[in-house]
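In listed order, ligands and their atoms are each counted from 1.
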Amino acid sequence: MLKTEILLPTKENINIVGAALRSGMLAALPTETVYGLAANALDGGAVKKIFEAKGRPADNPLIVHISDLEQIKNFSLVREIPSKAYLLAERFWPGPLTIIMPKGTAIPNEVSAGLDTVAIRFPSHPVVRAVISAADRPLAAPSANISGSPSPTTAAHVFGDLNGIIPYIIDGGACTVGVESTVITLCTDIPTVLRPGGITPEQLKDVLGEIAVADAVLHELKPGQKAESPGMKYKHYAPKAHLILIRSSDDNYINFVNERAGDTVGALCYDEDIDRLNVKCVSYGKKSDYAMQAAMLFDALRQLDNTDLETVYGRCPETAGLAMAVYNRLIRSAGFEVIELA
Ligand code: TXA
Ligand code: MG
């Protein structure tokens, strides 16, 4: 077992971790979305360690993180930069948007999982940017969780999953966005959102005009239906308890849950519901504050796993704006199980 060090983001520690990454080691880093598990994106052998540490299926490609737009050209990360990428970059970078472009010659197969495209992200968090600059390499980084558990939004979440498996975690506090970046591909006729996140489809439409949202964002893939993005075919963020979402009015949700109250029954609810429910409650934010819901969701799912609850009834999120990202994550946690009430 490895000793896992949790480091504060001092200049000295950032240089230590940058050098470690350059020499092929792994480190977990804070970003504005979730914590990432980083390796030198240009070193296939280093990237392979990410898949081993997380238990990630090898056919699920990684996002390449940069700290400066020039790195895209200087490191030959993409074959060509589509004109629409400039529009998106100007408006949303640095920030929680990942853009899929034709893959460049420097990208090892371990990163792209054999696809001829590559996902590029320019994060806004100062710590991850400082580490990329210290490493002087683009960094491949998926979320820093064990595959299948909720993405980590604090250093403690990362430690819980990866203690003894990775050498370094930099603690940059809680992530502000709380769900992973929006992923959009520019390698289809119409730019298509493959994963909703901190940048909403409405915002993207504003810049690009026409966009599409992949079917699998809001719906379960039908047997035999091909996922536009490999990540969408895996079961994600499943809590230990049986989680069922209830799509209903406030009153019907409260009544439905209270009628089923018991020691092993709980609620994954909104703040406003807590006083009215007679079961153990974990809240994922205020009913109409979607940014708060995004920021709290993954911690709420981890809290559920620290209880003995066996059945949890969750409020079904909305799907407009930032709520689409919350819905996309929670519907997967619930294995697409939704009860519709009036
Ligand atoms: O906010 C984020 O994006 C975080 C932080 C650490 O930056 N990273 C993250 O990475 O969420 P990960 O690996 O957990 O999710 C990457 C998603 C996966 O669903 C993957 O299938 C998809 O992006 N993806 C990556 N490259 C792709 C490609 N070339 N084509 C289609 N989908 C791709
Ligand atoms: Mg992930």
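Taking distance alone, with nitrogen or oxygen atoms compared against 3.5 Å, Arg56 approaches ligand 1 more closely than that limit. Not a single N or O atom of Glu180, backbone or side chain, sits closer than 3.5 Å to an N or O atom of ligand 1. Residue Thr33 places at least one N or O, backbone or side chain, under 3.5 Å from an N or O of ligand 1.
A salt bridge links Asp250 and Lys287; the closest N-O separation between the charged side-chain nitrogens and carboxylate oxygens is under 4.0 Å.
Under the 4.5 Å side-chain heavy-atom criterion for Ile, Leu, Val, Met, Phe, Trp and Tyr, Leu243 and Tyr270 are members of the same hydrophobic cluster.
Taking each of Val183, Thr182, Val64 in turn, the one with a heavy atom nearest to atom 23 (O) of ligand 1 proves to be Val183. For the residues Thr117, Leu62, Thr98, the heavy atom positioned nearest atom 29 (N) of ligand 1 is part of Thr117. Here atom 20 (C) of ligand 1 lies nearest to Asn60 when heavy atoms of Leu97, Asn60, Thr31, Leu29 are compared.
Contacts of Leu194 with ligand 1, taken as heavy-atom pairs under 4.0 Å, involve the side chain alone. Here His65 has side-chain heavy atoms under 4.0 Å from ligand 1, and that is the only part of it that gets that close.
Side-chain polar atoms of Asn145 and His157 form no donor-acceptor pair below 3.5 angstrom.
Distance check for Ser143 against the Mg ion (ligand 2): an N/O/S atom falls below 2.8 Å.
Few gaps surround CG on Asn306; more than 12 heavy atoms of other groups in view lie less than 6.0 Å from it. In the displayed structure, Glu340 atom CD is contacted under 6.0 Å by more than 12 heavy atoms of other residues, nucleotides or ligands.
Annotation: side chain of Glu32 is not in contact with side chain of Ser181 (no heavy-atom distance under 4.5 Å). Under the 4.5 Å side-chain criterion, counting only non-hydrogen atoms from C-beta, Pro96 is in contact with Ile199.
In the vicinity of Ala119, heavy-atom distances shorter than 4.0 Å reach the ligand 1 atoms 25 (C), 26 (N). Within ligand 1, the atoms closer than 4.0 Å to a non-hydrogen atom of Ala141 are 6 (C), 8 (N), 10 (O), numbered from 1 in the order shown. Each of the atoms 6 (C) of ligand 1 lies under 4.0 Å from some heavy atom of Gly36. Short contacts between ligand 1 and Pro61, defined as distances under 4.0 Å to a heavy atom of the residue, involve ligand atoms 20 (C), 21 (O), 24 (N), 25 (C), 26 (N), 27 (C), 28 (C), 33 (C). The distance from ligand 1 to the heavy atoms of Leu115 drops below 4.0 Å at these ligand atoms: 28 (C), 29 (N), 30 (N).
When Val312, Leu330, Leu268 are each tested for a side chain to side chain contact (heavy atoms under 4.5 Å, CB included) with Leu245, only one passes: Leu330. Among Leu69, Val78, Ile107, Leu97, the one residue that satisfies the side chain to side chain contact (heavy atoms under 4.5 Å, CB included) test with Ile120 is Val78.
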